[in-house]
Structures are given as C-alpha cells and as structure tokens.
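We count residues from 1, following the sequence as given.
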Amino acid sequence: MGAREVGLPERVPAGGLPPRVEIWEVGARDGLQNEGSVVPVEVKLEFLDRLAGAGLTTLEATSFVHPKWVPQLADAEQLLAGLDRHDGVRYPVLVPNDRGLNRALDAGVDHIAIFASATETFAQRNLNSTFDDQFAMFEPVVTRARKEGLEVRGYLSMCFGDPWEGVVAAEQVVRAGKRLLDFGCSQLSLGDTIGVATTNQVTRLIEAFGDTSALAVHFHDTYGQALANTEAALRAGVSTVDSSAGGLGGCPYAESATGNLATEDLVWLLEGLGVEHGVDLGKLVETSVWMAGQLGRPSPSRVVNALAG
C-alpha cells in the first residue's frame with residue numbers, strides 16, 4: 001500500500017504561511033528548452049494538456065527566443081496554434097526583445113515574460129548586453145506589451161549567486177528588480193539560477209524588497225536546497241512559486257545549473273503544510289512519468305519516483 005493510500009503526507013498547518021500558493025509551471029518552456037534534442041510539438045501539446053488536467057492553472061507554454069539560441073522551442077507558433085486551451089488556465093510565453101514581442105502578438109498571446117540578469121557577467125553572456133543596457137532593451141518591450149493589454153512578468157536571474165561573480169548583494173538584486181517593476185511588470189520572479197541559495201539568504205532578500213505582493217521565486221535544486229528555500233520564501237510572504245513537472249530543466253546558459261524544483265515535490269510540501277494549491281498530485285505524477293517516458297529517462301523528482309514505484 002502506498003503513502004497516499006494511507007493518508008500521507010499528514011497535513012499539519014502552521015501560522016505564518018499563505019493560505020494558498022499559485023504554482024507557476026515552467027516544464028513546457030524552461031524544462032524542455034534544456035533538452036539535448038527537440039521534443040515533437042505533438043508531445044509538447046499533450047504535455048500541456050495533461051498538466052492542465054492535473055489542475056495547474058499557469059502553464060508557461062513556450063518561448064519566442066530566436067531558434068538559433070533555443071532550437072528546442074523553434075516551433076512556438078505551431079504549438080500555440082495547436083493548443084487546446086483549458087478554461088481558467090493561463091499560457092504565458094517568454095519574450096526576449098521587441099522582435100519576440102511581435103511574434104507573440106501575432107500568435108495572439110495575452111501574457112508574456114521577459115528575462116533579465118541581476119549581474120553584469122550573466123547579462124553579457126546571456127543577453128549580449130551590459131547590466132544597464134539590458135533595461136534600455138526591456139523598457140520599450142514592457143511598455144508596448146502593456147499598451148497592447150498584455151500582462152508582463154519579469155524574471156530576474158542570478159539573484160543569490162553567480163558562477164563568475166560569486167555572491168550577489170541583496171541591494172543589487174532589489175535595484176534591478178524594482179527597475180523591472182517600475183517599467184510595468186506585474187510580477188517579479190527571483191531566480192536562483194545555479195541553485196546556491198540558502199534559507200537565511202532567501203529571507204534576507206525578500207525582506208529587502210519590503211512589499212512582497214509582486215514577488216515569485218524560482219529555485220534550482222543543485223545543492224538540494226530548493227524545498228527549504230521555498231518554505232523560507234513562503235514564510236517571508238511570497239505566494240507564487242515556479243516549478244517544473246518532474247524536475248525538468250536547468251539553464252542552458254549556466255553550466256552549473258541543474259534541474260528546477262519539481263512540481264510534485266512542491267505539492268507534497270504544500271500538502272504537508274496545509275497550504276492550498278489546487279493540483280491533483282496523482283494526475284501530476286502520471287503526467288511526469290509519461291513525459292519521462294517520452295524523453296527516455298527517469299524523472300529526477302523524488303516524489304515522482306516514490307509514488308510511481
């Protein structure tokens with residue numbers, strides 16, 4: 001008899017936590033962009049359909065980054081044209097620049113995300129820009145998107161540590177993040193791109209922002225700290241958490257970045273904490289097992305392997 005059949009995990013609610021967490025599922029974009037081969041669009045569409053069927057209501061569907069840099073997502077227009085949209089589910093896409101925004105608008109999207117860096121070196125390596133110049137690139141994109149009626153999310157990478165620069169000062173991250181919010185981003189996702197954050201560092205950064213209403217967190221599990229860091233973020237007032245079904249993904253531009261926080265592991269944590277999330281864990285595990293089969297390898301998620309075994 002499995003853990004779920006005997007009522008596990010036990011729900012032990014505690015004070016100081018949000019009553020509900022929005023899970024921002026990034027598997028179809030951030031997960032699949034890191035694959036060594038291109039996943040057929042039909043598989044991506046079924047993946048998104050299964051994720052929506054499991055109760056996830058924000059599914060980052062694809063990216064309009066130039067196919068030269070992310071060939072795994074070169075089928076963005078084809079995917080969006082074939083998408084069977086579920087009621088109440090959002091399908092944001094990543095947009096790198098003004099040309100990407102044009103493609104997104106032509107595809108009829110209503111929610112985009114942009115991707116900035118909290119450090120100089122990663123801005124140069126990932127965006128071919130300086131730290132300051134990246135904001136000059138993003139400001140007109142955000143402004144035009146908002147005028148077109150689109151919601152805009154800002155991702156900020158390297159918020160806790162950079163493989164070239166080391167520790168990233170909280171004040172530097174706050175300055176960069178507030179610039180994105182001032183442009184018109186309605187949400188800011190703080191990324192632990194190489195997975196080096198620890199709980200007190202997470203708490204300190206979130207407290208440095210003051211107002212947490214627009215913040216989300218995005219943790220990689222390189223050193224096994226993603227779940228602990230997530231709980232620290234929740235206790236500091238954050239109520240939106242990025243994760244990837246089955247733990248798919250990483251960062252193709254930072255070699256030391258490993259998989260994202262697995263959505264199943266996050267759901268298990270939230271259930272134990274008594275925090276609502278709206279996801280059917282059984283259906284989610286089935287989806288991740290199916291996707292792992294499509295990719296020809298087991299899932300890195302502990303919960304997927306425990307419940308599927």
Item to check | Student check: side-chain heavy atoms of Glu25 and Thr263 closer than 4.5 Å | outcome: yes
Checklist entry - Hey, are the side chains of Glu120 and Gln124 touching, using non-hydrogen atoms and a 4.5 Å cut-off? => result yes
Checklist entry - Between CG of Leu48 and CD of Glu60, what distance do you get to the nearest 0.5 Å? => result 11.0 Å
Next on the checklist: Tell me whether the rings of His220 and His218 are parallel (<30°), tilted (30 to 60°) or perpendicular (>60°).
Outcome noted: tilted
Checklist outcome for this item: On a heavy-atom basis, the closest approach of Ala262 and Gly246 is CB-C, 4.1 Å
Item to check | Linked, directly or transitively: Val12 and Trp268 (ILVMFWY side chains, under 4.5 Å) | outcome: no
Checklist entry - When you measure from the side chain of Ser157 to the backbone N and O of Ala116, does any donor-acceptor pair fall under 3.5 Å? => result yes
Checklist entry - Do Arg175 and Glu171 sit within salt-bridge range, that is, some charged N less than 4.0 Å from a carboxylate O? => result no
Item to check | Among Leu266, Val241, Val202, side-chain contact (heavy atoms from CB on, under 4.5 Å) partner for Phe219 | outcome: Val202
Next on the checklist: Checking the side chain of Glu35 only, and the main-chain atoms of Leu32 only, is there a donor and an acceptor separated by less than 3.5 Å?
Outcome noted: no
Item to check | 4.5 Å side-chain heavy-atom contact, Tyr91 and Val109 | outcome: no
Item to check | Minimum-distance pair of heavy atoms, taken over all atoms of Ser288 and Val304 | outcome: CB-CG2, 3.9 Å
Checklist entry - With a 4.5 Å heavy-atom cut-off, do Leu45 and Leu83 have their side chains touching? => result yes
Next on the checklist: Applying a strict under-4.5 Å side-chain criterion to I, L, V, M, F, W and Y, I'd like to know whether Leu8 and Val285 cluster together.
Outcome noted: yes
Item to check | Asp30 side chain near Asp242 side chain, heavy-atom distance below 4.5 Å | outcome: no
Item to check | salt_bridge(Arg302, Asp221) N-O dist < 4.0 Å | outcome: yes
Using atom types as modelled, flag every donor-acceptor pair under 3.5 Å from a side chain in residues 176-186 to any protein atom, sequence neighbours excluded.
residue: Arg179; atom: NH1; partner: Asp132; partner atom: OD1; Å: 3.3
residue: Ser186; atom: OG; partner: Glu151; partner atom: OE1; Å: 2.8
residue: Ser186; atom: OG; partner: Val152; partner atom: O; Å: 3.2

Next on the checklist: Donor-acceptor pair, distance only, cut-off 3.5 Å: does the side chain of Thr130 make one with the backbone of Asp133?
Outcome noted: yes
Checklist entry - So, does Asn229 use its side chain to make a donor-acceptor pair with the main chain of Ala197 at under 3.5 Å? => result yes
Next on the checklist: Measuring from atom OG1 of Thr199 to atom CG of Leu227, what distance do you get when rounded to the nearest 0.5 angstrom?
Outcome noted: 12.5 Å
Next on the checklist: Check Glu207 with Arg235, please: is the shortest side-chain N to carboxylate O separation under 4.0 Å?
Outcome noted: no
Checklist entry - Is there a path from Val174 to Val167 through hydrophobic residues (I, L, V, M, F, W, Y) whose side chains come within less than 4.5 Å of each other? => result no
Checklist entry - When you measure from the side chain of Asn305 to the backbone N and O of Ser299, does any donor-acceptor pair fall under 3.5 Å? => result yes
Next on the checklist: Could you check whether any side-chain N or O of Asn260 sits under 3.5 Å from a backbone N or O of Ser243, counting only pairs where one atom can act as donor and the other as acceptor?
Outcome noted: no
Checklist entry - Counting distance only, does the side-chain N/O of Gln172 pair as donor-acceptor with the main-chain N or O of Ala118 below 3.5 Å? => result yes
Checklist entry - Considering residues at least two apart in sequence or located in another chain, which fulfil the side-chain hydrogen bond (donor to acceptor under 3.5 Å, both in side chains) criterion with Arg90? => result Glu22, Thr58
Next on the checklist: Could you measure the distance from the CG atom of Leu17 to the CD atom of Glu276? Nearest 0.5 Å is fine.
Outcome noted: 12.5 Å
Checklist entry - With a 4.5 Å limit on heavy-atom distance, are the side chains of Ile194 and Met158 in contact? => result yes
Next on the checklist: Taking the six-membered ring of Phe115 as reference, does the cationic atom of Arg29 (NZ for Lys, CZ for Arg) lie under 6.0 Å from its centre and within 45° of its axis?
Outcome noted: no
Item to check | Backbone N/O of Asn200 and side chain of Thr198: donor-acceptor pair under 3.5 Å | outcome: no
Checklist entry - When you look at Trp164 and Thr119, which way does the side-chain contact (heavy atoms from CB on, under 4.5 Å) test go after all the steps? => result CA-CA 9 Å; Trp164 302 280; Thr119 67; 6.0 Å; no
Checklist entry - Shortest non-hydrogen contact from Gly27 to Phe47? => result C-CE2, 3.8 Å
Item to check | Residue pair Leu56 / Leu59: nearest heavy atoms and the distance that separates them | outcome: CB-CD2, 3.7 Å
Checklist entry - What do you reckon, is CG of Asp106 surrounded by more than 12 foreign heavy atoms closer than 6.0 Å? => result yes
Next on the checklist: Taking Val38 as the starting point, is it possible to reach Met291 by hopping between hydrophobic residues whose side chains are less than 4.5 Å apart?
Outcome noted: no
Next on the checklist: Minimum heavy-atom separation for Ile112 and Leu150, please, with both atom names.
Outcome noted: CG2-CD2, 3.5 Å
Checklist entry - Has the side chain of Glu77 got a donor or acceptor atom that lies under 3.5 Å from a matching backbone atom of Arg103? => result no
Next on the checklist: Looking only at the side chains, is there a donor atom on one of Ser63 and Gln33 sitting less than 3.5 Å from an acceptor on the other?
Outcome noted: no
Checklist entry - Quick one: does Arg144's side chain get under 4.5 Å of Asn102's, heavy atoms only? => result yes
Next on the checklist: Counting only heavy atoms not in Arg11 (residues, nucleotides, ligands), do more than 12 fall under 6.0 Å from its CZ?
Outcome noted: yes
Checklist entry - Hey, does Leu80 have a side-chain heavy atom less than 4.5 Å from the side chain of Phe64? => result yes
Checklist entry - Is there a donor-acceptor pair closer than 3.5 Å between any side-chain N or O of Gln134 and the backbone N or O of Ser117? => result yes
Checklist entry - What distance separates Gln187 CD from His111 NE2, expressed to the nearest 0.5 Å? => result 7.0 Å
Next on the checklist: Please find the pair of heavy atoms, one from Ala54 and one from Leu284, that lie closest to each other, and give the distance.
Outcome noted: CB-N, 3.8 Å
Checklist entry - Can you list the residues that meet the salt bridge (Lys or Arg N to Asp or Glu O under 4.0 Å) rule with Asp75, with sequence neighbours excluded? => result Lys44
